[in-house]
Amino acid sequence: MFSQDVLRKQPSLAGARDALLAADTTHWSQFFGGVTTWPILKKMLAEGDVITHESLDSYGTPFQIKILRSFLVTTGALPARDERVVTLEAWIANAADQIDRDEDRRSFVRFARWRHLRQARQKALTESQLGWRRRELILVSRFLHSLHSNGSTLQIATQAHIDIWLAAGNKDRTRIRPFLQWCRDNSITGIVHFPVLPTPSLPKTAALAEDQRQRLLHEVLDPSVELDPGLRLAAGLVLVYGSRPHELAGLRLRDFVDDHDTIHIRFGLEPLQLPEALKIYARAAIAERSVARFGGISEDHEWLFPGPIHGRPVTTSTLTRWLRAIGLEPAPARSTAMGQLAMQLPPAILARLTGITVARAAVWHAATSASQARNLPDAPRH
């Protein structure tokens, strides 16, 4: 397969050849045992073309070629790139092509790049997060199509156009609000009244009993208990700060700031200083990030929890499974931790530390207040 002609044309494939020759059989069969990965690699090498990301795209769907792409990046045959960002960018371009008016098409693309692509480049997004981003853009596209069908555009649209479109559908249509606000802020439209987003229900703030939370935290931090330092850190962050599994799975090394005396971790705008007990395990987790990839154990220099696919962390479901295996159910633990924080911090500070929106922090604050009100003794009757 890796003939001298192939290696002469693309010397970077030597790493892929060497990795396959040295690969452990178990790892090799795990990653190349599928029905498409190995045949596609053989076909590409036989045809003799220089392998690039663009040429690889032509050999199958993103799902069919993701293992092979990761292997080629890991072994140095291809440069690294964030495939989810690339996929989202292509999806946005395709969606924009369906918009008739040039000015509105440009506004759609600018908004999508500012709100969705920018955030996708800043942090690892889960498939569900990418899904709701696409859903928001689909609704924006449908709203624009409605304007065009009625002979209007964003520049001349009136409040009546929005009200009519909202009345013709369900509350999901209110998700165009960020787009309309962006258009107003950029002087694209004169509309000033925006659809109100549905009010979220109040979350539970004590789904896990406090004594049980303290017991789990003691077990997680007990050095006599044999546990991976990264898993200790993840569990501690869930129990103390209410961190969500997808946030933990998406942690990059650059999210940590170690100045020798303290370690800060960034979920929101303000870095969060870790307590002494978690600081020890954070340093240990940063130092131990080996992962099984393509024939053996590799080191990763980007993710705190690297996944088997190059350029991606472990999945949220995988990290959730790890937490459950040590007796920690993330959802109730998060609700109790967030309730405790909401009692101590105003919404603006809670949002800046944990990375949630101020509006969501206000919801947690309201839930805490409602919970406390329910626990007040009844007023004496006279």
Gln10 side chain to Val6 backbone, donor-acceptor under 3.5 Å: no

Heavy-atom side-chain proximity of His145 to Ile99 below 4.5 angstrom: no

Ser149 and Ser146 side chains, donor-acceptor separation under 3.5 Å: no

Ring-face cation of Arg118 near Trp114 (centre distance under 6.0 Å, axis angle within 45°): yes

Asp5/Ser3 under side chain to side chain donor-acceptor pair (under 3.5 Å): CA gap, chis, key distance, verdict: CA-CA 5 Å; Asp5 287 341; Ser3 65; 5.1 Å; no

Beyond-backbone contact of Tyr241 with Leu272, side-chain heavy atoms, under 4.5 angstrom: yes

Verdict with reasoning, Asp104 to His148, per side-chain contact (heavy atoms from CB on, under 4.5 Å): CA-CA 10 Å; Asp104 289 351; His148 301 160; 2.7 Å; yes

Student check: side-chain heavy atoms of Arg244 and Leu248 closer than 4.5 Å: no

For the student: nearest non-hydrogen atoms of Gly48 and Lys9, plus distance: O-NZ, 2.8 Å

Leu78 side, atom CG; Leu68 side, atom CG - distance, nearest 0.5 Å: 8.0 Å

Closest heavy-atom pair and its distance - Pro245, Thr320: CB-OG1, 3.4 Å

Common cluster, Val238/Leu353, ILVMFWY with side-chain heavy-atom separation under 4.5 Å: yes

Partner of Glu136 under salt bridge (Lys or Arg N to Asp or Glu O under 4.0 Å), chosen from Arg177, Arg115, Arg142: Arg115

Side chain proximity check, Trp364 to Ile356, heavy atoms < 4.5 angstrom: yes

Chi angles and distances behind the side chain to side chain donor-acceptor pair (under 3.5 Å) call for Arg105, Gln98: CA-CA 8 Å; Arg105 185 187 310 116; Gln98 312 306 313; over 6 Å; no

From CG (Leu237) to CG (Leu278), nearest 0.5 Å: 6.0 Å

Carboxylate-amine/guanidinium contact Asp82 Arg121, below 4.0 Å: no

Side-chain donor/acceptor of Arg252 to backbone N/O of Glu302, under 3.5 Å: no

Ionic contact status for Arg69 with Asp57, cut-off 4.0 Å: yes

Donor-acceptor under 3.5 Å (Asp255 side chain, Leu251 main chain): no

Side-chain donor-acceptor pair present, Thr158, His161, cut-off under 3.5 Å: yes

Cluster check Leu208, Leu221: I/L/V/M/F/W/Y, side chain < 4.5 angstrom: yes

Donor-acceptor pair, side chain of Asp258 and main chain of His260, under 3.5 angstrom: yes

Polar contact flag, side-chain donor to acceptor under 3.5 angstrom, Ser55-Thr52: yes

pair Arg134-Leu88: side-chain heavy atoms closer than 4.5 Å: yes

Arg283 vs Ile263, side-chain contact (heavy atoms from CB on, under 4.5 Å): CA-CA, chis, key distance, verdict: CA-CA 8 Å; Arg283 285 200 175 106; Ile263 287 188; 3.2 Å; yes

Considering all heavy atoms, the nearest Thr336-Ala207 contact: OG1-N, 3.5 Å

Arg213 side chain vs Leu239 backbone, donor-acceptor pair below 3.5 Å: yes

Arg101 side chain vs Leu154 backbone, donor-acceptor pair below 3.5 Å: no

Any side-chain heavy-atom pair of Arg17 and Leu7 under 4.5 Å: yes

Ring centre gap for His116 and Phe111 strictly below 6.0 Å: yes

Pair Arg135 + Asp172: basic N to acidic O under 4.0 Å: yes

Electrostatic pair Glu83:Lys66 at N-O distance under 4.0 angstrom: no

Joint cluster assignment, Val225 & Leu231, ILVMFWY side-chain distance < 4.5 Å: no

Hydrophobic cluster identity match, Phe267 and Trp303, side-chain contacts under 4.5 Å: no

Side-chain donor or acceptor of Gln340 paired with backbone N/O of Ala337 under 3.5 Å: no

Ring-face cation of Arg173 near Trp165 (centre distance under 6.0 Å, axis angle within 45°): yes

Leu45 vs Ile51, side-chain contact (heavy atoms from CB on, under 4.5 Å): CA-CA, chis, key distance, verdict: CA-CA 8 Å; Leu45 294 175; Ile51 298 176; 4.2 Å; yes

Polar contact flag, side-chain donor to acceptor under 3.5 angstrom, Ser152-Asn150: no

N/O donor-acceptor pair under 3.5 Å between Lys279 side chain and Asp261 backbone: yes

Distance in Å, Thr368 OG1 paired with Leu341 CG, rounded so as to fall on 0.5 Å steps: 9.0 Å

Non-hydrogen side-chain atoms of Leu180 and Val140 separated by less than 4.5 Å: no

Polar side-chain atom of Thr354 near backbone of Leu350 as donor-acceptor pair, under 3.5 Å: yes

Gap separating the CD1 atom of Ile40 from the CG atom of Leu56, nearest 0.5 angstrom: 7.5 Å

Presence of salt bridge, Glu210 and Arg215, under 4.0 angstrom: no

Separation of Leu137 CG from Ile176 CD1 (nearest 0.5 Å): 12.0 Å

Check ion pair Arg110-Asp185 (N to O, under 4.0 angstrom): no

From Ile326 atom CD1 to Trp322 atom CH2, the distance as rounded to the nearest 0.5 Å: 11.5 Å

Minimal non-hydrogen separation, Phe256 against Ala282, with atom names: CE2-CB, 4.4 Å

Evaluation steps, side-chain contact (heavy atoms from CB on, under 4.5 Å), between Met44 and Tyr59: CA-CA 8 Å; Met44 293 185 75; Tyr59 281 84; 3.5 Å; yes

Heavy-atom neighbours of Arg113 CZ exceed 12 at 6.0 Å: no

Over all atoms of both residues, closest heavy-atom pair of Ala80 and Val73: CA-CG1, 3.8 Å

Donor-acceptor contact below 3.5 Å, side chain Thr174 vs main chain Lys171: yes

Pair Asp259-Thr262, side-chain donor/acceptor within less than 3.5 Å: yes

Verify same cluster id: Ile162, Ile156 (apolar side-chain graph, 4.5 Å): no

Shortest non-hydrogen contact between Tyr281 and Asp222, atoms and distance: OH-C, 4.3 Å

Heavy-atom check, side chain of Leu130 versus side chain of Trp91, under 4.5 Å: no

